[in-house]
Amino acid sequence: MQNNNTEISDGSVSAEGRRLIEGFMNDIIARNPGELEFHQAVREVAESVVPIVEATPAYREARILDRLVEPERVIMFRVPWVDDRGGVQINRGYRIEMNSAIGPYKGGVRFHPTVTLGVLKFLAFEQVFKNSLTTLALGGGKGGSDFDPKGKSDQEVMRFCQSFMNELYRHIGPDTDVPAGDIGVGAREIGYLFGQYKRISNRFCGVLTGKGMAYGGSLIRPEATGYGAVYFAQEMLATRDDSLEGKMATVSGSGNVAQYTVEKLLEFGAKPVTLSDSAGTVVDPEGIDAEKLAWVMELKNIRRGRISEYADRFRGATYYANQRPWNVGCDLAFPSATQNEIDAADARALVEGGCMCVSEGANMPTSPEAADVFLGAKILYGPGKAANAGGVAVSGLEMTQNYGVMRWPREEVDLRLRQIMKSIHTNCERYGRTGDFVNYVRGANVAGFVKVADAMLQQGIV
Ligand code: NDP
Ligand code: 2IT
């Protein structure tokens with residue numbers, strides 16, 4: 001790691017570095033008013049990479065960082081659809097094509113009422129660094145809508161997806177932009193989106209990932225994000241000669257990422273004790289075992305019910321309305337719901353409750369103040385752009401299989417996923433280690449940045 005007048009020897013930023021970061025952030029805030037999550041994501045990266053930029057004249061002169069924070073393209077569109085009662089509904093659709101320096105735009109689509117331009121810009125920005133870390137040729141993008149699939153019939157979801165694709169199709173393609181799932185977008189929605197793309201374009205191709213196994217999907221893609229977050233925790237624990245075996249784990253969310261996090265934790269002999277949704281948390285001191293997990297998967301993926309029902313079904317479990325899982329004492333925490341779901345008080349409760357390792361399945365679940373608590377306590381803290389990169393990595397493997405018109409067996413995809421998570425960990429260590437502590441936040445930001453920055457330099461001012 002370079003030493004210069006913006007950085008001091010323990011890797012922290014000097015007074016001069018801080019002045020540069022504040023100037024940069026003032027500009028970001030003025031140019032992107034009201035986009036709080038975007039400001040937050042950019043600041044975290046700037047804190048890590050400004051010293052590198054200042055020490056590398058070529059980056060500075062080519063204004064790499066100023067270009068990285070400006071999306072290459074933002075598409076916003078009207079999504080009109082007709083509900084089951086014949087009423088006209090209007091939502092807003094988006095696709096942020098953030099950076100294509102190292103590959104086609106790649107990233108999920110989120111359907112949730114909290115979706116705004118600023119939320120999607122933060123997610124697209126994170127995706128650029130995450131995708132760079134995967135070692136694959138994937139640029140960064142994100143899309144979505146303020147549509148809420150909750151309480152909608154399958155027919156309504158289908159009509160919405162078709163209308164969304166009626167505009168999106170002209171902007172995407174297997175070598176330009178390849179969307180996938182995220183919150184509110186799973187196998188059902190990807191199926192409807194793919195069907196409509198194929199119908200309009202008359203092409204059958206790998207334009208989306210997370211596809212069903214019957215039409216070009218990859219084995220292990222549904223599991224990949226959760227499995228990857230657990231593999232990343234395993235790598236972090238190994239640096240302290242420790243393992244997952246016998247550890248008590250809190251998990252938030254109860255969707256795709258949370259479910260497969262629990263599945264992999266069980267395989268490694270850990271004991272997951274919580275799940276949650278936006279209404280509350282369920283705590284099961286006896287542990288969520290394979291049978292209970294199968295019930296949760298049926299509840300969430302088929303019946304589309306609420307996690308509160310778990311406590312009605314399983315004796316010994318308790319449901320806490322409007323609570324998050326972070327007050328439950330644990331060894332490991334896997335935030336797997338949404339952004340900013342751990343605040344400073346939650347982080348302190350985790351550390352005081354004995355938590356030694358946090359592996360983020362969700363994107364930016366930890367507030368900046370909470371991240372400071374984890375870093376200050378020197379626990380193992382794997383930020384989302386490293387820890388949850390397994391999902392997009394297996395999306396990249398799905399693209400490879402589609403290009404080759406082939407399918408790898410489950411064991412092969414899982415092995416590649418493990419290798420990718422291991423290499424992400426090694427890369428974070430390389431840029432984040434100071435003495436015997438690894439700052440994975442800095443490691444992930446710098447490792448992700450350097451590859452994209454070098455590609456941008458080589459491609460000229462575009
Ligand atoms: P799902 O839609 O399958 O599940 C989302 C879960 O999070 C639900 O339990 C949901 O509860 C909860 N949740 C959503 N919004 C909120 C909120 N505002 N407050 C509290 N809880 C909330 O999504 P995923 O599991 O796919 O995504 C979870 C996280 O993982 C997101 O941050 C996503 O960006 C990230 N991620 C996902 C990847 C993937 O491959 N799917 C890859 C990498 C990261 P409720 O039902 O009440 O809304
Ligand atoms: O945040 C993410 O990395 C995702 N939602 C998955 C993106 C993808 O293209 O698989």
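Counting starts at 1 for both ligands and their atoms, in listed order.
Of all atoms in ligand 1, listed by their number and element, those nearer than 4.0 Å to a heavy atom of Gly253 are 9 (O). Here is the list of ligand 1 atoms found below 4.0 Å of a heavy atom in Ser276: 9 (O). Each of the atoms 29 (C), 30 (O), 32 (O), 35 (C) of ligand 1 lies under 4.0 Å from some heavy atom of Ala362.
Looking from atom 15 (N) of ligand 1 to the surrounding protein, the closest heavy atom is His112 NE2, 3.5 Å. The protein heavy-atom contact nearest to atom 31 (C) of ligand 1 is Ala337 O, 3.2 Å. The protein heavy-atom contact nearest to atom 4 (O) of ligand 1 is Gly255 CA, 3.3 Å. The single protein non-hydrogen atom nearest to atom 5 (C) of ligand 1 is Ile183 CG1, 4.3 Å, given as residue, atom name and distance. The closest protein non-hydrogen atom to atom 9 (O) of ligand 1 is Ser254 N, 2.9 Å. Of the protein's non-hydrogen atoms, the one nearest atom 41 (N) of ligand 1 is Asn256 OD1, 3.7 Å. At the shortest separation from atom 2 (O) of ligand 1 among protein heavy atoms lies Gly184 N, 2.9 Å. Of the protein's non-hydrogen atoms, Lys150 NZ, 2.9 Å is the one closest to atom 48 (O) of ligand 1.
Contact of the Ile190 side chain with the Val185 side chain is registered, since non-hydrogen atoms from C-beta on lie closer than 4.5 Å. Residues Val394 and Ser218 have side chains in contact (heavy-atom distance under 4.5 Å, counting atoms from C-beta outward). At a threshold of 4.5 Å between non-hydrogen side-chain atoms, the residues Lys106 and Gln127 do not count as touching. At least one side-chain heavy atom of Arg410 sits under 4.5 Å from a side-chain heavy atom of Ile220.
Between the side chains of Ser153 and Asp84, a donor-acceptor pair is found at a separation under 3.5 Å. Side-chain contact, Tyr319 with Glu309: no donor N or O sits under 3.5 Å from an acceptor N or O. Side-chain contact check for Tyr403 and Asp175: no donor-acceptor pair (N or O, by modelled atom type) lies under 3.5 Å. Defined by atom type and a distance below 3.5 Å, a donor-acceptor pair is missing between the side-chain atoms of Lys300 and Asn256. With hydrogens and angles left out, the side-chain atoms of Glu72 and Ser100 include a donor and acceptor closer than 3.5 Å. In the model, Gln196 has a side-chain atom that pairs as donor or acceptor with a side-chain atom of Asn166 under 3.5 Å.
Considering backbone and side-chain N/O atoms, Val257 comes within less than 3.5 Å of an N/O atom of ligand 1. For the pair Arg221 and ligand 1, the shortest N or O to N or O distance falls below 3.5 Å. Here's the thing with Ser278: one of its N/O atoms is less than 3.5 angstrom from an N/O atom of ligand 1. Between Asp277 and ligand 1, not a single N/O pair is under 3.5 Å apart. By the 3.5 Å distance cut-off applied to N or O atoms, Lys142 is not counted among the residues near ligand 1.
By the definition of a contact as any protein heavy atom under 4.0 Å away, atom 38 (C) of ligand 1 is in contact.
Aromatic ring pairs are classed by plane angle as parallel below 30°, tilted from 30° to 60° and perpendicular above 60°; the pair Phe164 and Phe111 is perpendicular. Aromatic ring orientation, Tyr310 versus Phe314: tilted (interplanar angle from 30° to 60°).
At least one heavy atom of Arg306 sits closer than 4.0 Å to an atom of ligand 1. Residue Gly361 places a heavy atom less than 4.0 Å from ligand 1. Within the 4.0 Å heavy-atom shell around ligand 1 one finds Ser336. Using a 4.0 angstrom heavy-atom cutoff, Arg110 counts as in contact with ligand 1. Residue Ala224 places every heavy atom at 4.0 Å or more from ligand 1. Heavy atoms of Gln259 stay at 4.0 angstrom or farther from ligand 1.
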Between ligand 2 and the protein, which N/O pairs fall short of 3.5 Å?
residue	atom	partner	partner atom	Å
ligand 2	1 (O)	Gln127	OE1	3.4
ligand 2	1 (O)	Lys130	NZ	3.0
ligand 2	1 (O)	Lys142	NZ	3.0
ligand 2	1 (O)	Asn363	ND2	3.0
ligand 2	3 (O)	Gln127	NE2	3.0
ligand 2	3 (O)	Lys130	NZ	2.7
ligand 2	5 (N)	Lys142	NZ	3.3
ligand 2	5 (N)	Gly181	O	3.0
ligand 2	5 (N)	Asp182	OD1	2.9
ligand 2	9 (O)	Lys106	NZ	2.7
ligand 2	10 (O)	Arg221	NH2	3.0
ligand 2	10 (O)	Ser395	OG	2.5

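With distances taken over non-hydrogen atoms, the option nearest atom 42 (C) of ligand 1 out of Thr261, Thr225, Ile307 is Thr225. In this structure, of Leu275, Asn363, Thr338, the residue bringing a heavy atom nearest to atom 17 (C) of ligand 1 is Thr338.
A salt bridge is defined here as a Lys NZ or Arg NE, NH1 or NH2 lying under 4.0 Å from an Asp or Glu carboxylate O, and Glu267 with Lys264 meets this definition. Taking a cutoff of 4.0 Å between a charged side-chain nitrogen and a carboxylate oxygen, Asp312 and Arg306 do not qualify as a salt bridge. Using a cutoff of 4.0 Å between basic side-chain nitrogens and carboxylate oxygens, Lys211 and Glu398 are scored as salt-bridged.
Under 4.0 angstrom from ligand 1, there are no non-hydrogen atoms of Ala258. Contact annotation: for Glu341 versus ligand 1, there are no heavy atoms closer than 4.0 Å.
Listed by chain and residue number, nothing satisfies the ring-ring contact (aromatic ring centres under 6.0 Å, His included) test with Tyr94 (two or more places apart in sequence, or in another chain). Shown here are the ring-ring contact (aromatic ring centres under 6.0 Å, His included) partners of Phe194, two or more places apart in sequence or in another chain: Phe204, Tyr215. With sequence neighbours excluded, the residues that form a salt bridge (Lys or Arg N to Asp or Glu O under 4.0 Å) with Asp284 are Lys292.
Of all non-hydrogen atoms in Gly390 and Leu417, the two that sit nearest each other are CA-CD1, 3.5 Å.
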